[in-house]
Amino acid sequence: MPEAPIAPPRLLLPVEGMTCAACATRVKRALAAVPGVAAAEVNPASGQAAVTGTAPVADLAAAIGRAGYRVPEATFDLGVGGMTCATCVGRVERALAAVPGVLEARVSLATGTAHLRAVAGTEEAALGAALARAGYSLTRATEQDGADPGAAREARDVVLAALLTAPFALGMLGMALGRDWMPGGWVQAALATPVVFWLGGRFWRAGLAALRAGTGNMDQLVALGTGAAWGLSAYLLVRHGGHGHDLYFEAASMVVAFVLLGKWLEARARRATGAAIRALLNLAPRTARRIEAGEEREVPAAALAVGDLVAVRPGERIPADGIVRDGRAGVDESALTGESRAVEKEAGAAVSTGTIALDGRLVVEVRAVGAETVLARVAAMVAAAQASRAPVQKLVDRVSAVFVPVVLALAAVTLAGWLLAGATTEAAIITAVSVLVIACPCALGLATPAAIMAGTGAAARAGILVRDVDAIERAQGITLVAFDKTGTLTEGKPKLAALHPAEGVTAEEALRLAAALQAGSEHPLARAVAAARPPGPLPPAEAFRALPGRGVEGRIEGRAIALGSPRLLAERGAAEGALAPEAAAEAARGRSLAWLVEDGRALALLAFEDAGKPGAAAAVAGLRAMGLRTAMLSGDLRAAAEGVATRLGIETVAAEVLPADKAAAVAAWQAEGARVAMVGDGVNDAPALAQADLGIAMGTGTDVAIEAAGITLLRGDPALVPAAIEVARRTHAKIRQNLVWAFGYNVVGLPLAAMGLLSPVVAGAAMAASSVSVLGSALLLARWRPKGAAR
């Protein structure tokens, strides 16, 4: 009887945004066009699409997005137990990606975690089952609190292994001194058996699980190597009653001891490199003083809601993001932004979770809690960066996928070769065991993630958030750093420095008209005018209209008044006239100019001065010391923009640039062959940040700018720009250095082992040392601090 054909898999996808049958038709057409889709049915009433076929879920979600709808997503951060090498990472990713609904799976050996994007409704139980089928286990993710449930067991295993192998070490020392201190054969068997099969049982269990899954890993190499050495020794002991020096129990047990020691040191180093996230999350206090009916009541911080009022006493941490409603205090934000000086906060100022009120009581209105706080978002960005994978990791993955089978084949060839060359069976087996042990690819799997964790963690402590490894890669080839002027190089809080009225116009009248026109506007220049306005009521502005990139216009007491840039002056057909010398002089001072215009006549010239940020000149000098060119984008007149650039030492200026044209200016530099890093903070900087090869956003800016950037500076200090590029370069260099070490170790060690120049004990020690060396190298990077920062 012929077998029934296997039906293609069927997947239910939730779809947001469908409101009618026409929507369902559009979604169905979009899904049907995806390669691998056999059939698609869409129900607008239930908001679901049923798809039959083999198309990847990510392709289906992308097709629905192109049709104008959305598949809601969920994220999972899972702990994965049993991973030991780079081969494991690839197998876990494939197992999780095969679960229906999973859009993306990123696995980190260094943290022992998996970060997943999946369709909303995907169950964690299905993910755990997929891991179990692949030979791994779902554990509690440990990055957030630093707890490691296996740490005590690993330490115990290392201590017991050291005690049980100490007689072997003493015997080997005796051999070097010409003394016979090696235990007898049966004592050796009693000591080695629990080490190989009990303390080393983790290698046997993980190796068998991988074998059942049809793949290989480093545990198989350790289990086969030590098992072969123990089996050969047991055979010789039973058959010949051999003397201790004729057996290899010490090789089997000491290899396990060295590998366990290496694993324990790896775990400690992983906890150290992951300390950045834990330190950030530990800033959040557990309790808060909520104000209820005028009285303070201590409640769990998790119970706070938006709109609550909380009291923060001197020395206490702020429990939620919010706005100060009452009080004044210096706030220590160093742990979050890296700013060492206290920042004064008073009514109206924004405060963040985890910062400390130093010398005053604050009443704060809660604006964000939980995952929406700056602290949680920063920790999430650091975690995402540490879980991301460098492009070079793809090469590592391809090598790891075939590494274990190749090593097994090499060990078999080594065994056969030595036997054919006339070596004894024992010598041939021991040489093959050395090949198996030294080939364990732990260092290869740790090289990239360890460097990424250390580099991004060190950067976060300095107030620099690296979004992902792509940003680290892109930072390497940067040749030009372009700054937006206002809010990036300057404070973004201009003051009215001078007002020059035209003939027949008083300064008081000109200022009154300008203030009336700008009343209610939040533009920085409007606030500067408001601060200098004359006393008394202002006439209302009618038919008010903003002119993007040029200024504003309206009617004041029946007069058509406009206030804006020199471009607006030209558009209104007005001339500078007698004010031309004053305009040239003010521009030469680096001041921004605005013209008050009526009916084709300039009524007054207003000159604004924006103080430069203290770290701006140092940032430019630091970039030039790194061999990078600098540029500035500004909407000001060229003379004013060049005045600021000259004071700061900036070489290239793009002046009189409308906000919409900033991305085009960046593209023009790229067309000339430059690789551009753009530094900005405002909504109008987002297109330029996205256009640049590397976007760097000031964390004091808007969410839109931060979202478009690869690197975010948590405080508005331009001096962090060269520091950000430096830490990205150092991280990239550390990745290359670690990979060279890991590859070089195997390239050198395998031939030496195959030639019989390394014993299994030395091979085990070298294998453990390679992993520890890679992690130790990464920890050196974790000590990085920006130049001038306190250590």
Side-chain angles (χ1 to χ4, degrees), residues 83-86 89 108-113 143 218 258-279 382 385-393 395-397 399-400 403 438-462 464 466 469 471-473 475-476 723-750 762-787 789 791:
M83 292 194 300
T84 56
C85 64
V89 171
S108 171
L109 175 64
T111 59
T113 59
E143 316 97 313
M218 66 90 51
F258 276 127
V259 175
L260 289 175
L261 175 63
K263 289 295 177 188
W264 179 67
L265 292 174
E266 281 178 22
R268 288 195 60 181
R270 285 201 301 267
R271 288 191 290 273
T273 55
I277 299 174
R278 295 194 299 274
V382 175
Q386 293 188 343
S388 62
R389 311 179 72 194
V392 71
Q393 188 68 27
L395 172 61
V396 176
D397 293 342
V399 170
S400 299
F403 192 77
I438 202 166
C440 298
C442 293
L444 199 60
L446 290 168
T448 298
I452 292 169
M453 288 179 65
T456 55
R461 285 190 293 273
I464 301 166
V466 181
V469 182
I472 293 173
E473 290 279 339
Q476 307 315 303
I725 294 176
E726 179 194 359
V727 72
R729 287 181 171 181
R730 288 199 179 195
T731 302
H732 192 262
K734 187 63 69 177
I735 291 172
R736 292 199 308 268
Q737 176 185 325
N738 281 356
L739 285 174
V740 167
W741 172 259
F743 275 115
Y745 157 80
N746 282 307
V747 167
V748 172
L750 280 172
V762 175
M767 187 276 291
S770 68
S771 298
V772 175
S773 298
V774 163
L775 284 162
S777 175
L779 287 175
L780 292 177
L781 176 61
R783 298 172 59 188
W784 175 88
R785 298 289 186 276
K787 289 183 175 63
R791 298 231 171 218

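- Scored by the side chain to side chain contact (heavy atoms under 4.5 Å, CB included) test, Ala475 finds Leu694, Ala728 as partners (sequence neighbours excluded).
- Minimum heavy-atom separation, Trp784 to Ala462: CZ3-CB, 4.0 Å.
- Nearest approach of Ala778 to Ala454, heavy atoms of both residues: O-CB, 3.0 Å.
- For the residue pair Arg729 and Gln476, the shortest heavy atom distance occurs at CA-OE1, 3.4 Å.
- A search for side chain to side chain contact (heavy atoms under 4.5 Å, CB included) contacts involving Arg736 returns His732, Ala733, not counting sequence neighbours.
- Ala451 and Ile735 make their closest contact through CB-CG1, 3.6 Å (heavy atoms, listed as atom of the first residue, atom of the second, distance).
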- Stepwise side chain to side chain contact (heavy atoms under 4.5 Å, CB included) test for Thr456 and Thr731: CA-CA 8 Å; Thr456 55; Thr731 302; 5.7 Å; no
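- Between Ile472 atom CD1 and Lys734 atom NZ the span is 13.5 Å, to the nearest 0.5 Å.
- Listed for the Ser777 side chain is no donor-acceptor partner under 3.5 Å among the backbone atoms of Ser773.
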